[in-house]
Amino acid sequence: MDTSLFDIPRYLAALPLFQEMTQAELRRLASGCRLREYARGETLFRVGLPCEEFHVTVTGQIKLYALSPAGQEKVIELAGPGISFAEALMFTERPYIVSAQALTDSLVLSVGKAAVVREIESEPRFAMRMLAGISRRLHGLVHDVQAYTLHSGTQRVIGYLLNALPEDDMPSCCSAPAGAAQPRRISLPVSKATIASRLSITPEYFSRVLHELADAGLIQMERRTIHIPDTGRLASHPL
């Protein structure tokens, strides 16, 4: 991709965080951005490096992870297109507390701290949007902790599969007539081992749950593609 042709202000305007900014504000913010391409397996940053910017995945998949003293990897988050990360840390003046790696060839937009602070100082509404974005991320982390401590492994896998559906495809009591099947298909964006780490279960357990769901007729597997014959049945599966 020729990154010189990428319209950074236009892309920023499409992100929820920046949707209310004027064209002049977007151009100023864009002047403090960097657009970078990463090959699969390439590292964006490591624990301990200074954090002077936050990032948005434009295309591809970015893995945020931590390593235990024994070298065991724990996936903290999978950031796909449109997902931002490191916003809160950027304001703490502390180094990165996780590492980031491209799981696929990826394009990442990095927004410099100086440009963000300049806009916050000149436009309080922008500061409120930044706070709202950080609050949403905190809420997501709390939700993850609840899921890991209160939900079974099977619940986590089913939740992952349903959350991977487009928002309009999420099962709803009012989205279709009673008894109507809602078939959907999803493609796992990364390896099963990576997803298992994200769900705090072992790869073997993740595979076993998928096979149990397949045996129950709730999903059909074809390599990384998973067919869900009826999202409502999967969502109401007794656990």
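Worth saying up front: this structure is predicted, and the values here are computed from it rather than measured.
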TODO: Taking side-chain hydrogen bond (donor to acceptor under 3.5 Å, both in side chains) as the test, write out the residues that go with Glu25, two or more places apart.
DONE: Thr22
Task: Co-membership, hydrophobic cluster, residues Ile76 and Ile83, 4.5 Å side-chain - done: no
- [ ] Kindly compute the distance separating CG (Leu218) from CZ (Arg233), expressed to the nearest 0.5 Å.
- [x] 5.0 Å
Open item on the list: Whether the side chain of Thr92 engages the backbone of Leu89 through a donor-acceptor N/O pair (distance < 3.5 Å, no angle test) should be reported.
Closed with: yes
TODO: Would you please test Val98 and Glu77 for side chain to side chain contact (heavy atoms under 4.5 Å, CB included) and show each step?
DONE: CA-CA 10 Å; Val98 297; Glu77 186 171 8; over 6 Å; no
TODO: Check whether any side-chain heavy atom of Gln220 sits under 4.5 Å from a side-chain heavy atom of Pro229, and report yes or no.
DONE: yes
Between side-chain atoms of residues 55-70 and protein atoms elsewhere (two or more places apart, or another chain), which donor-acceptor pairs fall under 3.5 Å?
residue, atom, partner, partner atom, Å
His55, ND1, Ser110, OG, 2.8
His55, NE2, Tyr96, OH, 3.0
Thr57, OG1, Ala79, O, 3.2
Thr59, OG1, Leu107, N, 3.4
Lys63, NZ, Glu73, OE1, 3.3
Lys63, NZ, Glu73, OE2, 3.0
Lys63, NZ, Gln101, OE1, 3.1
Ser68, OG, Ala70, N, 3.3
Ser68, OG, Gly71, N, 3.4
Ser68, OG, Gln72, N, 3.0

Task: Rounded distance [0.5 Å steps], OG1 in Thr154 versus CG in Leu210 - done: 10.0 Å
- [ ] Could you list the residues that satisfy side-chain hydrogen bond (donor to acceptor under 3.5 Å, both in side chains) with Ser122, not counting sequence neighbours?
- [x] none
Open item on the list: Grouping I, L, V, M, F, W and Y whenever their side-chain heavy atoms are under 4.5 Å apart, do Phe85 and Val47 come out in a common cluster?
Closed with: no
Open item on the list: Could you work out, with side-chain contact (heavy atoms from CB on, under 4.5 Å) as the rule, every residue matching Ile195, not counting sequence neighbours?
Closed with: Tyr160, Leu188, Val190, Leu199, Phe206
Open item on the list: Checking Ala127 now: which residues fulfil side-chain contact (heavy atoms from CB on, under 4.5 Å) with it, not counting sequence neighbours?
Closed with: Ile120
Open item on the list: Give me the atom names and distance for the closest heavy-atom approach of Leu12 to Cys33.
Closed with: CD1-SG, 4.3 Å
Open item on the list: Could you report the tightest heavy-atom contact between Leu49 and Phe45, atom names first, then the distance?
Closed with: CD1-CA, 4.3 Å
Task: Selection residues 210-227 - residue pairs positive for salt bridge (charged side-chain N to carboxylate O under 4.0 Å, His left out), sequence neighbours left out - done: none
Open item on the list: If I compare all heavy atoms of Glu52 with all of Met90, which pair ends up nearest, and what's the gap?
Closed with: C-CG, 4.2 Å
TODO: State, yes or no, whether a side-chain contact exists between Leu103 and Leu78 at a heavy-atom distance under 4.5 Å.
DONE: yes
TODO: List for me each residue that meets side-chain hydrogen bond (donor to acceptor under 3.5 Å, both in side chains) alongside Arg125, sequence neighbours excluded, and say none if there are none.
DONE: Glu123
Open item on the list: I need the Ile226 CD1 to Leu161 CG distance, nearest 0.5 Å.
Closed with: 5.0 Å
- [ ] Write down the atom of Ile201, the atom of Val157, and the distance for their closest heavy-atom approach.
- [x] CD1-CG2, 3.8 Å
Open item on the list: How long is the straight-line distance from CE of Met21 back to CG of Leu15, given to the nearest 0.5 Å?
Closed with: 11.0 Å
Task: Distance (rounded to the nearest 0.5 Å) between Ile8 CD1 and Leu109 CG - done: 5.5 Å
Open item on the list: Please give the remaining members of the hydrophobic cluster of Leu131, linking ILVMFWY side chains under 4.5 Å, ordered by chain and number.
Closed with: Met128
TODO: State, to 0.1 Å, how close Ala30 and Pro9 come at their nearest heavy-atom pair, and which atoms those are.
DONE: CB-CG, 3.7 Å
TODO: Output all residues satisfying side-chain contact (heavy atoms from CB on, under 4.5 Å) with Ala193, sequence neighbours left out; order by chain, then residue number.
DONE: Ser191, Pro203
TODO: Count the heavy atoms belonging to other residues, nucleotides or ligands that lie under 6.0 Å from CZ of Arg36, then report whether that count exceeds 12.
DONE: yes
TODO: Sorted by first residue and then second, give each ring pair (Phe, Tyr, Trp, His ring centres under 6.0 Å) pair with at least one member in residues 11-30; sequence neighbours left out.
DONE: Phe6-Tyr11, Phe18-Phe126
Open item on the list: Looking at every heavy atom in both Tyr38 and Ala102, which two are closest together, and how far apart are they?
Closed with: CB-CB, 3.9 Å
Task: CD on Glu204 to NZ on Lys192, rounded to 0.5 Å - done: 12.0 Å
- [ ] Only pairs at least two apart or in different chains count here, so list each salt bridge (charged side-chain N to carboxylate O under 4.0 Å, His left out) that has a residue in residues 105-121.
- [x] Arg28-Glu119, Glu93-Lys113
Task: Residues which pass side-chain hydrogen bond (donor to acceptor under 3.5 Å, both in side chains) with Arg34, listed by chain and number, not counting sequence neighbours - done: Glu53
TODO: Check the pair Ser106 / Leu44 against side chain to side chain contact (heavy atoms under 4.5 Å, CB included), numbers first and verdict last.
DONE: CA-CA 10 Å; Ser106 302; Leu44 281 70; over 6 Å; no
